[in-house]
Undergrad: 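Have a look at this one before I ask anything.
The figures here come from the full heavy-atom set of this structure, side chains too, leaving out hydrogens, waters and symmetry mates. Chain A is the first sequence line, chain B the second, and so forth, proteins listed ahead of strands; every chain is numbered from 1. Predicted, not measured: the structure shown is a model, and the values here were computed from it.
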Amino acid sequence: MEKFTTLISTCVPVPLQDVDTDQIIPARFLKATTREGFGDNLFCDWRYKEDGQPNEDFVLNDDTYKGQILVAGKNFGCGSSREHAAWAIYDYGFKVVVSSFFADIFKNNALNNGLLPVQVTDVFLDQLFSTIEDDPEAEIRISLEDQEISIIGSNLTENFEINPYKKLCLQKGYDDIDFLLSKIDEIEKYELVEED
Amino acid sequence: MAGKTLFDKIWDKHVVHEVKNGPQALYIDRHFIHEVTSPQAFNGLRQRGIGVFRPEKTVATADHNVPTENQHLPIKDQLSRHQVNTLIENCKEFGVELYGLGHPYQGIVHVIGPELGITQPGMTIVCGDSHTSTHGAFGNIAFGIGTSEVEQVFATQCILQKKPMKMKIQIDGELKKGVVSKDIILHIISMLTTSGCTGYFVEFMGTTIQGLSMEARMTICNMSIEMGARGGMIAPDETTFEYMKGREFAPKGDAWEKKLAYWKTLKTDEDAVFDKEFYFNAEDIDPMITYGTNPAMGIGITGNVPATFNGSTDQGLKKALQYMDLQGGSQLLGKKIDYVFIGSCTNSRIEDLRLVAELVKGKKKADHVHAMIIPGSRQVELQARAEGLDKILEGAGFELRQPGCSACLGMNEDKVPKGKYCVSTSNRNFEGRQGPGARTMLASPLTAAAAAINGYITDVREMID
Ligand code: SF4
């Protein structure tokens, strides 16, 4: 997993609520057996028309908006547990998703892949959307160390929560499996006691 | 000290290690895998140069991506074939038991676990699929995980998790005629929204729940994830034990007696405290149907499509209604439909097929409707045939196919064409879920079958006496 420390970037806004993982990556693209290449089909049914041509109305086809931060409405990532959703977002080039609420499994999946979910208040999210709308070049700074998101050039800033363990994993670029493997003795001991 | 909830009891018993200020390492008793969310996890093991730590605790099946006809022939779609073959190779290489295509135990992962008696009270169960919550109907902690977590379980039989909060949902009273467990859960989701239970693990209780069969309980726990819950559970009781007794992998003889004694202790203490509680009355529930593009967008069958929606912005509702080509304020009753899909881990068990068969017996589906029934497993399929349900269903013009996830997620050929309306017994009505542009309306097997017969949305109560 790649390390994450601080990111300064412009944003790509998807101001919709309840964006589910079937929209992030439709099921028909889940036939792959590796993790790579899902970015091409990120938001596929919104991004492309039936004939395969880009749908100009969708933000990923709009040159005005670029960057490594995806900003989305409340309850982002609901629906299926497919980790492919996190892979697709990351593979596309996003490093952070900002929303005012994340579905549980998506949040875990994101964190397990070096994609940082930043949960902000509804008020901040609204401010963020209107800032981006007014000025698509507006830059956002996200510091994992300080757990802080700020809109550069404004005094708008907010702190976000992250579990200290998960924070450390992201900062160091190591994952849960490395950690659990170091506890194998404890696991075997547990099995001796609990197993019938 | 306050007592413990059922959830606490099982969870706490499975904690192997606690990270300071961090998650807990939870021991996993049973791990189910399927072809779609496991290949990258197996690859991860290879990259780390390690094997599956406890292969005997993992069971595999092929379900998401399999055809539902001619399962004895090689899969036509090349990518699907490759994915299913990869599962076969991975299971062989890592020593995991596989109930693949052609195996008498094959089927949708959440149908076969319970029917084989692999799913048992008191366990921790995970699978790389969100509807793992289904298994909670047996009084265990079962939840869906991502592929990185599948790899964790492979590598260590544990998973790092933050303990969720606890929610109680109590439903009391008697169900009205024509109302089944699918209606209960669609009703609850429509009240609590798709994120109403995020961060919580739900225990369902109350006299209504106690009166339900295991199949019906599974339908409820299955869809607990659709309101954002980590999972749902129901304390085991005589109905549970009766269902389990004699199942293939259920304990036998002395071992059964010993387990039974333990299972009987599995309940929430009288004085236990939940973080949140909701109460519902069975009498308030009508047959339900969804009109929109998430499972909370549901109404009683005689109700009107709302013009505003509480859990979502107007923009969301507008987008949903546009996608569904429906008018706010209109009625769904009488609306012409094109497809009926009876299947998925929500409603593809033998009891569901019996309900449908009973309703359509001696009737014929409307000419313009494509009606398909996909049994949840090989065992369900064989049982249906043994009971002669196949004759009844086929006589009514329903196509009875082979087991798999099928049109629930449209990964195989079973898709609903663009713009067509499908009354579906599955669990998700997201845009494009049953195929690009498909318009899904979630309902119970009864409501779906009634729509197939009439060719339009029907209040099933008019068809039963
Ligand atoms: S039937 Fe549908 S919801 Fe159930 S496991 Fe299969 S794809 Fe998932």
Undergrad: Go through the atoms of B:Leu87 and report whether side chain, backbone, both or neither lie under 4.5 Å from a heavy atom of chain A.
TA: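 For B:Leu87, no heavy atom lies under 4.5 Å from chain A.
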
Undergrad: Measuring heavy-atom distances to chain A, does B:Asn21 have an atom under 4.5 Å in its side chain, in its backbone, in both, or in neither?
TA: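 Looking at B:Asn21, backbone and side chain both touch chain A.
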
Undergrad: Has A:Lys31 got a side-chain atom pairing as donor or acceptor with B:Asn65's backbone, closer than 3.5 angstrom?
TA: no

Undergrad: Pick out which of A:Asn108, A:Asn112, A:Ile177, A:Leu180 makes a side chain to side chain contact (heavy atoms under 4.5 Å, CB included) with B:Leu160.
TA: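 Exactly one candidate clears the test, A:Leu180.
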
Undergrad: Given heavy-atom pairs under 4.5 angstrom as the criterion, report whether the side chain, backbone, both or neither of A:Gln23 touches chain B.
TA: side chain

Undergrad: Non-hydrogen atoms of chain A under 4.5 Å away: do they reach the side chain of B:Glu35, the backbone, both or neither?
TA: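 For B:Glu35, neither part sits under 4.5 Å from chain A.
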
Undergrad: Give a yes or no on this: more than 12 heavy atoms of other residues, nucleotides or ligands lie within 6.0 Å of atom NZ of B:Lys415.
TA: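 Yes.
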
Undergrad: Would you please test A:Leu181 and B:Ile50 for side-chain contact (heavy atoms from CB on, under 4.5 Å) and show each step?
TA: CA-CA 10 Å; A:Leu181 283 171; B:Ile50 55 176; 4.1 Å; yes

Undergrad: Between B:Arg428 (side chain only) and A:Gly79 (backbone N and O only), is there a donor and an acceptor less than 3.5 Å apart?
TA: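 Present.
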
Undergrad: Could you walk me through whether B:Cys158 and A:Lys183 satisfy the side-chain contact (heavy atoms from CB on, under 4.5 Å) test, starting with their C-alpha distance in whole Å, then the side-chain angles of each, then the deciding distance to 0.1 Å, before giving a yes or no?
TA: CA-CA 10 Å; B:Cys158 286; A:Lys183 302 284 176 240; over 6 Å; no

Undergrad: Can you say whether A:Phe29 sits under 4.5 Å from chain B via the side chain, the backbone, both, or neither, judging by heavy atoms?
TA: neither

Undergrad: State whether the side chain of A:Asp45 and the backbone N or O of B:Pro436 hold a donor-acceptor pair below 3.5 Å, judged by distance alone.
TA: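 The answer is no, because no donor-acceptor pair under 3.5 Å joins these two groups.
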
Undergrad: Can you tell me which portion of A:Leu30 sits under 4.5 Å from chain B's heavy atoms? Options are side chain, backbone, both or neither.
TA: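 When you check distances to chain B, atoms from both the backbone and side chain of A:Leu30 fall under 4.5 Å.
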
Undergrad: Hey, which of A:Arg28, A:Lys107, A:Lys166 has the most heavy atom pairs under 4.5 Å with chain B?
TA: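 Highest number of pairs under 4.5 Å: A:Arg28.
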
Undergrad: Please classify the contact between B:Thr147 and chain A as side chain, backbone, both or neither, with a heavy-atom cut-off of under 4.5 Å.
TA: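 Backbone plus side chain of B:Thr147, per the 4.5 Å heavy-atom cut-off to chain A.
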
Undergrad: Answer with side chain, backbone, both or neither: which region of B:Val15 has an atom nearer than 4.5 Å to a non-hydrogen atom of chain A?
TA: backbone

Undergrad: Using heavy-atom distances under 4.5 Å, tell me whether B:Lys13 contacts chain A through its side chain, its backbone, both, or neither.
TA: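 Contact with chain A involves both backbone and side-chain atoms of B:Lys13.
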
Undergrad: Please classify the contact between B:Leu79 and chain A as side chain, backbone, both or neither, with a heavy-atom cut-off of under 4.5 Å.
TA: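 Both parts, heavy atoms under 4.5 Å.
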
Undergrad: Can you confirm whether A:Ile184 sits close enough to B:Phe53 that some side-chain heavy atom of one is under 4.5 Å from a side-chain heavy atom of the other?
TA: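 They are in side-chain contact.
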
Undergrad: Can you name the closest pair of heavy atoms from A:Ala27 and B:Leu409 and give their distance?
TA: CB-O, 3.5 Å

Undergrad: Report yes if the side chains of B:His14 and A:Glu194 come closer than 4.5 Å at any heavy-atom pair, otherwise no.
TA: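 When only atoms from C-beta onward are counted, A:Glu194 and B:His14 do not touch, as no gap falls below 4.5 Å.
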
Undergrad: Report the residue from A:Tyr190, A:Phe179, A:Tyr165 that forms a ring pair (Phe, Tyr, Trp, His ring centres under 6.0 Å) with B:His17.
TA: A:Phe179

Undergrad: Heavy-atom distance under 4.5 Å to chain A: side chain of B:Asp77, backbone, both or neither?
TA: side chain

Undergrad: Are any side-chain N or O atoms of B:Ser130 and backbone N or O atoms of A:Ser80, one a donor and one an acceptor, separated by less than 3.5 Å?
TA: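 No, the answer is negative, given that no donor and acceptor are paired below the 3.5 Å cut-off.
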
Undergrad: Under 4.0 Å between a Lys/Arg side-chain N and an Asp/Glu carboxylate O for A:Glu161 and B:Lys162?
TA: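 A salt bridge is absent here (no side-chain N lies under 4.0 Å from a carboxylate O).
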
Undergrad: Examine whether an atom of B:Arg433 lies under 4.5 Å from a heavy atom of chain A, and if so say whether it belongs to the side chain, the backbone or both; otherwise answer neither.
TA: both

Undergrad: Tell me which of these, B:Gly44, B:Ala25, B:Pro39, has more heavy-atom pairs under 4.5 Å with chain A than the rest.
TA: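 Option with the top pair count is B:Pro39.
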
Undergrad: Quick one: what part of A:Pro164 sits under 4.5 Å from any heavy atom of chain B, side chain, backbone, both or neither?
TA: both

Undergrad: Looking only at side chains, do B:Gln40 and A:Thr34 share a donor and an acceptor under 3.5 Å apart?
TA: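 There is no such pair between these side chains.
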
Undergrad: For B:Ser148 and A:Asn109, test the side chains for any donor-to-acceptor distance below 3.5 angstrom and give the result as yes or no.
TA: no

Undergrad: Please tell me whether B:Glu431 and A:Trp46 have a donor and an acceptor in their side chains that are separated by less than 3.5 angstrom.
TA: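 On atom types as modelled, these side chains qualify, holding a pair under 3.5 Å.
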
Undergrad: Ion pair present between B:Lys418 and A:Glu50, side-chain N to carboxylate O less than 4.0 angstrom?
TA: yes

Undergrad: Out of A:His84, A:Lys167, A:Lys189, A:Arg82, which one racks up the most heavy-atom pairs below 4.5 Å with chain B?
TA: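 The option with the most such pairs is A:His84.
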
Undergrad: Out of B:Ala255, B:Gly199, B:Gly432, return the one with the most heavy atom pairs under 4.5 angstrom to chain A.
TA: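 Looking at each option in turn, the highest pair count goes to B:Gly199.
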
